Amino acid sequence: METYDVVVVGARCGGAPAARLLAGQGLRVLLLDRGARGSDKLSTLYVHQPGVAFLRAWGVLDEVRATGAPPITELTYRVRDVVLRAPGPEVGGGNEAYAPRRGDLDAILGRAAEAAGVDVVHEASVTELVHERGRPAGLRYRKAGRWHEVRADLVVGADGLRSTVAGLVPAESYAVHPKLSCCVYGYWAGLDAGFEQHQGDGLWVGVIPTAGAHVVACYFRQSEFARVRVDVAGAHDRCLRAAAPSVAERLAGAERIGRLIGMGDQQNYFRTASGPGWALVGDAGHHKDSLTARGITDAFVQADLLARAVAEAGSLRPARLDARLAAYARERDRRMMPFYRSTLAVARLDVEAERLAELRRIAASPELRARYGAAVAGVLTPEEYRLHDAALAP
Ligand SMILES: Cc1cc2nc3c(=O)[nH]c(=O)nc-3n(C[C@H](O)[C@H](O)[C@H](O)COP(=O)(O)OP(=O)(O)OC[C@H]3O[C@@H](n4cnc5c(N)ncnc54)[C@H](O)[C@@H]3O)c2cc1C
């Protein structure tokens, strides 16, 4: 049997930073992941400026840059006749976003956790929790055919959309919304493009510069998924021609790398973020349509919030810890709800006359364009948070 203060399940954008920040408080932390170190993950890779600010604060931004992912400082958004160029907001000493390959980013975060003293174990699959006095007191995992039991005062589930920990505690789901979109994406080398978004009726195209290539992602309504999945190349091509003909033209001179990936499991939910002796971080506790590319940045925000809550508890004794974990859950909802709502609105893929008029107004004003760029990145003013808080109040 192994004994730790904290055991974190899932070693990517949510789990690795959470483990690292908790180890930085002098806690003994074990980080487990059933995947291989440096393995890839479905993603269009984009990390908004507030997410990059965390990478900078955690001292890993230079390593992320060294992967070859170029800085992204402007967004071009085209819908019908509207072309809106929005600058990235300045957050934490920089205005760049990045889209590093997930294998690279997650490995960098894992190494940073290790350097902070976290024990990181890959290819270790968690299947059970150990309960004592009505709360998790650890877990069991299997690695290379052998079972291990770990005792810990705090169990953190950062194990993604199909979280084992969320199922075992069990965490209750709420604010669940039907799936709205589905997508097909791939990588192209030699494409002449910046960071672009193009919208058509029921369609959305995102072009995202990453290391040595661009991701070109096409989004469709969820109701189209049965059709899309049987011919992903045809669907991708049709979407580009209809919603982003200029991208289709430029793509003709570029080279596709690897296969196209289709993805329809765009769940929208919250799960209770904590209970006595446990907490959820990242997709394990909250997931939304990937169209607004918020999952990585939001996982960083949650890792930071959880680490702050544990620091405020000042002790892992239940009497102190559980109250701070409950406060973490409330703050997580407060911080995530505005982006959940805006994502649900955008992922409907409707082009309404009212929205077009608003976008025209924004495109014509440098101040509104800057505000738009900040809102897309998830930088809200205190007044905007207050409006959301008021809407959340019972
Ligand atoms: C098509 C698509 C495009 C996306 N594009 C973007 C984007 O551009 N920008 C963005 O910010 N977000 C994007 N996202 C969302 C983003 O990928 C996720 O929000 C993010 O990966 C969440 O990180 P996480 O650490 O919470 O979970 P995950 O990245 O899912 O990591 C969970 C880890 O837990 C491990 N695990 C699971 N179960 C167990 C177990 N029982 N035992 C041990 N280990 C376990 C898994 O192996 C995995 O490594 C996209 C998602 C999709 C599907």
Side-chain angles (χ1 to χ4, degrees), residues 4-10 13-29 50-51 53-54 57-58 129 131 133-137 152-159 163 165-166 168-175 269-288 294-295 297-341 378-394:
Y4 286 86
D5 295 315
V6 185
V7 57
V8 180
V9 186
C13 304
R20 175 185 192 266
L21 293 167
L22 292 167
Q25 297 172 25
L27 298 171
R28 290 199 60 226
V29 183
F54 279 113
W58 296 337
L129 295 184
H131 282 92
R133 292 186 211 98
R135 56 195 289 125
D153 295 318
L154 174 60
V155 175
V156 178
D159 48 345
S163 170
V165 176
L168 290 171
V169 278
E172 204 181 309
S173 299
Y174 54 98
Y269 62 75
F270 278 77
R271 293 179 186 140
T272 315
S274 71
W278 61 268
L280 302 178
V281 166
D283 285 2
H286 165 53
H287 190 270
K288 51 193 169 290
R294 292 221 55 90
T297 301
D298 288 352
F300 291 172
V301 171
Q302 294 171 49
D304 179 65
L305 284 177
L306 177 64
R308 283 172 196 274
V310 172
E312 277 163 26
S315 154
L316 294 178
R317 284 209 311 279
R320 293 194 65 96
L321 180 65
D322 294 351
R324 297 321 308 167
L325 291 180
Y328 159 70
R330 287 192 296 275
E331 187 61 14
R332 190 228 29 195
D333 284 8
R334 181 176 172 265
R335 298 281 290 274
M336 296 297 119
M337 200 55 92
F339 308 126
Y340 189 51
R341 288 196 180 130
V379 181
L380 299 188
T381 62
E383 177 55 25
E384 283 163 333
Y385 265 114
R386 268 197 294 279
L387 287 174
H388 281 287
D389 284 351
L392 276 179

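Residue numbers start at 1 and run along the sequence shown. What you see is a predicted model; the values in this text were computed from it and never measured.
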Output the distance between atom [atom1] ([X]) and atom [atom2] ([Y]), rounded to the nearest 0.5 Å.
| X | Y | atom1 | atom2 | answer |
| --- | --- | --- | --- | --- |
| Arg330 | Arg334 | CZ | CZ | 12.0 Å |
| Leu325 | Leu316 | CG | CG | 9.0 Å |
| Leu22 | Leu154 | CG | CG | 7.0 Å |
| Arg271 | Tyr174 | CZ | OH | 11.0 Å |
| Leu306 | Leu21 | CG | CG | 9.0 Å |
| Phe270 | His286 | CZ | NE2 | 4.0 Å |

Locate the shortest heavy-atom distance separating [X] from [Y]; write the atom from each residue and the value.
| X | Y | value |
| --- | --- | --- |
| Gly51 | Thr297 | N-CG2, 3.5 Å |
| Trp278 | Ala171 | CH2-CB, 4.0 Å |
| Ala166 | Leu280 | CB-CD1, 3.8 Å |
| Pro136 | Val169 | CG-CG1, 4.3 Å |

Strictly distance-based, threshold 3.5 Å: is any side-chain N or O of [X] a donor or acceptor partner for the main-chain N or O of [Y]?
| X | Y | value |
| --- | --- | --- |
| Arg335 | Leu305 | no |
| Asp5 | Arg28 | yes |
| Gln302 | Gly14 | no |
| Arg20 | Trp58 | yes |

Flag if over 12 foreign heavy atoms under 6.0 Å of CZ, Arg135: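 Yes, enclosed.
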Classify the ring geometry between Phe300 and Phe54 as parallel (under 30°), tilted (30 to 60°) or perpendicular (over 60°).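 Rings of Phe300 and Phe54: perpendicular, over 60°.
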Heavy-atom distance under 4.5 Å between the side chains of [X] and [Y], does that happen here?
| X | Y | value |
| --- | --- | --- |
| Asp283 | Asp298 | no |
| Val6 | Val310 | no |
| Arg294 | Met336 | no |
| Val281 | Tyr328 | yes |
| Val301 | Pro50 | no |

